[in-house]
Amino acid sequence: MELKWLNMIEPISRRSYIVTPILKIHVLKRTKYQEAGVLELAEFGKCLVLDGYVQSSIVDEHYYHESLVHPVMVAHEEPRSVLIIGGGEGATLREVLKHNTVQRAVMVDIDGELVEIAKRYLKEFHQGAFDDPRAEVVIEDGRKYVLESEEKFDIIILDLVDPFASEIATKLYTREFYSKVLERLNEGGIMVTQAGCSFYYPEEYFSVLKAIKSVFPIVNTYGLWVPVYGYVINFITGSKTVDITKLTPEEVDLRLAKRGVKTRVYKGKTHLALVNMPLYVRGEYAEATEGD
Ligand code: SAM
């Protein structure tokens, strides 16, 4: 395994990189599905790295995980059952379980060895979420789980490796998969997926957006800058009935308080900032240029 002992050379696009000194290697392991590492990086502290892509870092993982989880959770009147596909670190599970409405949270990750690495080396990320009696962790391909499960959920969160990264997640960024996800949603349910970066990977991003728009009547996009990624990460929601952009900051803060959810980044005003992305990110620009 070729290791950049001195620097982590993290791709932010197909041609550009962030170079960060590696201060310590907690673990490096080739699992059945990916090359997994827990590294200490200058600037970002402890990080989970999969196949050379930083998944999350201790200094800003809450930017990502709070932004992925709370907009859809708060937009739902009373989310009781949540399905998470991916989310190996356990931080998405941690954020979901903060809502006192949640009775059941199922986390399905393909890589059991990675989850064990997270349990041991990423305690600051999962903070014991794996042991919550409401949580069930299933080691399985998320696509297979969704195709074979009969269960329905109020919220489905796709916290996968990037659409431009490992092919183990490619099929979970497709119209076929999203139509199965729709079948697994209760009335009033909402899906959210991380969708990589519309600026550096427009092809992948807009194909995911198009796939979701072809399945769900209501689609919202939002995003925020995450320092360790070096770009704005985009999220896309899909629902039959819920438009997350309709929530006012007051409603967001009220629901967070009512459910006892403590957050560091996500608040009512942040929600407003998240969902007011430039037109092109919402796909209007892409549609406007089609056939130009
Ligand atoms: N927060 C990270 C990001 O946005 O870059 C991603 C979170 S997490 C580390 C990504 C997870 O997706 C990993 O734990 C990986 O094992 C999981 N994964 C990849 N393909 C999968 C699949 N087909 N089914 C279930 N989990 C999958």
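Atoms within each ligand, like the ligands themselves, are counted from 1 in listed order. For clarity, every value in this text was computed on a predicted model and none was experimentally measured.
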Under 4.0 Å from a heavy atom of [X]: give me the atoms of ligand 1 that qualify, with their elements.
X	answer
Leu172	23 (N)
Ala169	20 (N)
Leu114	13 (C), 14 (O), 16 (O)

Using modelled atom types only, decide if a donor and an acceptor are shared between the side chain of Glu136 and the backbone of Arg134 within a distance under 3.5 Å.
no

Atom 24 (N) of ligand 1: the protein heavy-atom neighbour that sits closest, reported with distance to 0.1 Å
Gly142 N, 2.8 Å

Just need the protein heavy atom nearest to atom 6 (C) of ligand 1, so name the residue and atom and give the distance.
Gln55 OE1, 3.1 Å

Would you call [X] and [Y] a salt bridge, taking side-chain N to carboxylate O under 4.0 Å as the test?
X	Y	answer
Glu61	Arg94	yes
Glu113	Lys32	no
Glu77	Arg255	yes
Glu95	Arg264	no

Does [X] reach ligand 1 with a nitrogen or oxygen that is under 3.5 Å from one of the ligand's nitrogen or oxygen atoms?
X	value
Asp111	no
Ile110	yes
Gly88	yes
Ile168	yes
Tyr64	yes

Does only the side chain of [X] get under 4.0 Å from ligand 1, or the backbone, or both, or neither? Count heavy atoms.
X	answer
Glu89	side chain
Leu50	side chain
Val108	backbone
Thr92	neither
Gln34	side chain

So, does [X] sit close enough to ligand 1 that a heavy atom of it is under 4.0 Å from the ligand?
X	result
Gln194	yes
Glu61	no
Tyr229	yes
Ser56	no

Which heavy atom in Leu39 sits nearest to a heavy atom in His26, and how many Å separate them?
C-CD2, 4.2 Å

Going only through I, L, V, M, F, W and Y residues with side-chain contacts under 4.5 Å, is there a path from Leu28 to Val54?
yes

Please determine if Lys171 forms a cation-pi arrangement with Phe177, meaning its NZ or CZ atom is less than 6.0 Å from the six-membered ring centre and no more than 45° off the ring axis.
no

We want to know whether Gln194 and Asn234 form a side-chain donor-acceptor pair, criterion being a heavy-atom distance below 3.5 angstrom.
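The criterion, which ignores hydrogens and geometry beyond distance, is not satisfied for Asn234 and Gln194.
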
Quick test of your reading of the structure: of Thr170, Asp109, Val228, whose heavy atom lies closest to atom 14 (O) of ligand 1?
Asp109

Which of Tyr205, Tyr64, Tyr266 passes ring pair (Phe, Tyr, Trp, His ring centres under 6.0 Å) with Phe235? It is Tyr64

